*Asks:* 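Have a look at this one.
Since we're looking at a predicted model, the values are computed, not measured. In this chain, numbering begins with 1 at the start of the sequence shown.
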Amino acid sequence: HGDLLLSVRKLLKKNGRFCVILPYLEGLRFKEMAQSNGLFCNKVLGTKPSLLKPVERLLMEFSYLANQYEYKELTIRNERQEWSSEYINLTKEFYINL
């Protein structure tokens, strides 16, 4: 992750954004490492496979600007183990039969 952050610092424009998807614990560590490299986490979407499961993945957006932090959660499957409406809305342009 250190090499990735070094490359981001070289390539990211002053007003640019950098996004990454990581497992939960790695995402928390990456967020700390990014901040020590001058990148601020502005948005996080925590994804849960179902309602009763914990967050497994973090979709994170970083920039050089310390904007207001926004955290949301997305549940992929509802209580009937069907795709949730939020997941369908997020991915409908990528899947034909969703």
*Asks:* Nearest 0.5 Å please: distance from the OG atom of Ser85 over to the CG atom of Leu90.
*Replies:*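 Result: 11.5 Å between the selected atoms.
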*Asks:* How many angstroms lie between atom CZ of Arg57 and atom CD1 of Ile76, to the nearest 0.5 angstrom?
*Replies:*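 Answer for the CZ-CD1 pair, Arg57 versus Ile76, is 9.0 Å.
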*Asks:* Could you state whether Met33 and Tyr64 fall into the same hydrophobic cluster, counting links through intermediate Ile, Leu, Val, Met, Phe, Trp or Tyr residues with side-chain heavy atoms under 4.5 angstrom apart?
*Replies:*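 Yes, because Met33 and Tyr64 connect within a single hydrophobic cluster, where side-chain heavy atoms sit under 4.5 Å apart.
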*Asks:* Check the pair Cys41, Tyr69 against side-chain contact (heavy atoms from CB on, under 4.5 Å), reporting the backbone distance first and the verdict last.
*Replies:* CA-CA 7 Å; Cys41 185; Tyr69 179 76; 4.1 Å; yes
*Asks:* Between Leu58 and Leu45, does a side-chain contact (heavy atoms from CB on, under 4.5 Å) hold up when you go through it step by step?
*Replies:* CA-CA 6 Å; Leu58 297 177; Leu45 177 64; over 6 Å; no
*Asks:* Any donor-acceptor pair under 3.5 Å linking the side chain of Arg9 with the backbone of Asn37?
*Replies:*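 Yes, the answer is positive, given that a donor and an acceptor are paired below the 3.5 Å cut-off.
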*Asks:* Under 3.5 Å, side chain of Ser84 to main-chain N/O of Tyr87, donor-acceptor pair present?
*Replies:*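 Between the backbone of Tyr87 and the side chain of Ser84 there is a qualifying donor-acceptor contact (under 3.5 Å).
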*Asks:* Side chains of Val55 and Glu73, heavy atoms from C-beta outward: is any pair under 4.5 Å?
*Replies:*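 They are in side-chain contact.
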*Asks:* Backbone N or O of Arg77 within a donor-acceptor pair of the Ser50 side chain at under 3.5 Å?
*Replies:*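 Not at all, since once roles are kept as given, no pair shorter than 3.5 Å links the two residues.
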*Asks:* Applying a strict under-4.5 Å side-chain criterion to I, L, V, M, F, W and Y, I'd like to know whether Tyr24 and Leu74 cluster together.
*Replies:*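 Each belongs to a different hydrophobic cluster.
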*Asks:* If you look at every heavy atom in Gly16 and Ser63, which pair is closest and at what distance?
*Replies:*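 What the structure gives for the nearest pair is O-CB, 3.4 Å.
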*Asks:* With no hydrogens and no angle check, do the side chains of Tyr95 and Glu93 hold a donor and an acceptor under 3.5 Å apart?
*Replies:*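 The criterion, which ignores hydrogens and geometry beyond distance, is not satisfied for Glu93 and Tyr95.
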*Asks:* Answer yes if Phe94 and Ile88 sit in the same cluster of Ile, Leu, Val, Met, Phe, Trp and Tyr residues linked by side chain heavy atoms under 4.5 Å apart, and no otherwise.
*Replies:*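 Yes.
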*Asks:* Anything under 30° is parallel, anything over 60° is perpendicular, the rest tilted; go ahead and classify Phe62 against Phe30.
*Replies:*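 Phe62 and Phe30: perpendicular rings.
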*Asks:* Could you state whether Leu25 and Leu22 fall into the same hydrophobic cluster, counting links through intermediate Ile, Leu, Val, Met, Phe, Trp or Tyr residues with side-chain heavy atoms under 4.5 angstrom apart?
*Replies:*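 In one cluster: yes.
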*Asks:* Can you find a pair of side-chain heavy atoms, one from Val44 and one from Leu59, that are under 4.5 Å apart?
*Replies:*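 A side-chain contact under 4.5 Å is absent here.
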*Asks:* Are there more than 12 heavy atoms of other residues, nucleotides or ligands under 6.0 Å from atom CG of Asn89?
*Replies:*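 Enclosed.
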*Asks:* For Trp83 and Asn78, which heavy atoms make the closest approach, and how far apart are they?
*Replies:*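 Heavy atoms only, the tightest pair is O-ND2, 4.0 Å.
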*Asks:* To the nearest 0.5 Å, what is the distance between NZ on Lys31 and CZ on Arg29?
*Replies:*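 One finds 14.5 Å between NZ of Lys31 and CZ of Arg29.
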*Asks:* Do the side chains of Leu12 and Leu39 get nearer than 4.5 Å, heavy atoms only?
*Replies:*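 A side-chain contact under 4.5 Å exists here.
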*Asks:* Knowing that exactly one of His1, Glu61, Glu26, Met60 qualifies, which makes a side chain to side chain contact (heavy atoms under 4.5 Å, CB included) with Val20?
*Replies:*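 Answer after filtering His1, Glu61, Glu26, Met60: Met60.
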*Asks:* Consider only side-chain heavy atoms of I, L, V, M, F, W and Y, link residues closer than 4.5 Å, and tell whether Leu4 and Phe40 are in one cluster.
*Replies:*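 Leu4 does not cluster with Phe40.
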*Asks:* When you measure from the side chain of Lys48 to the backbone of Leu51, do you find a donor-acceptor pair of N or O atoms at a distance under 3.5 Å?
*Replies:*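 Indeed, once roles are kept as given, a pair shorter than 3.5 Å links the two residues.
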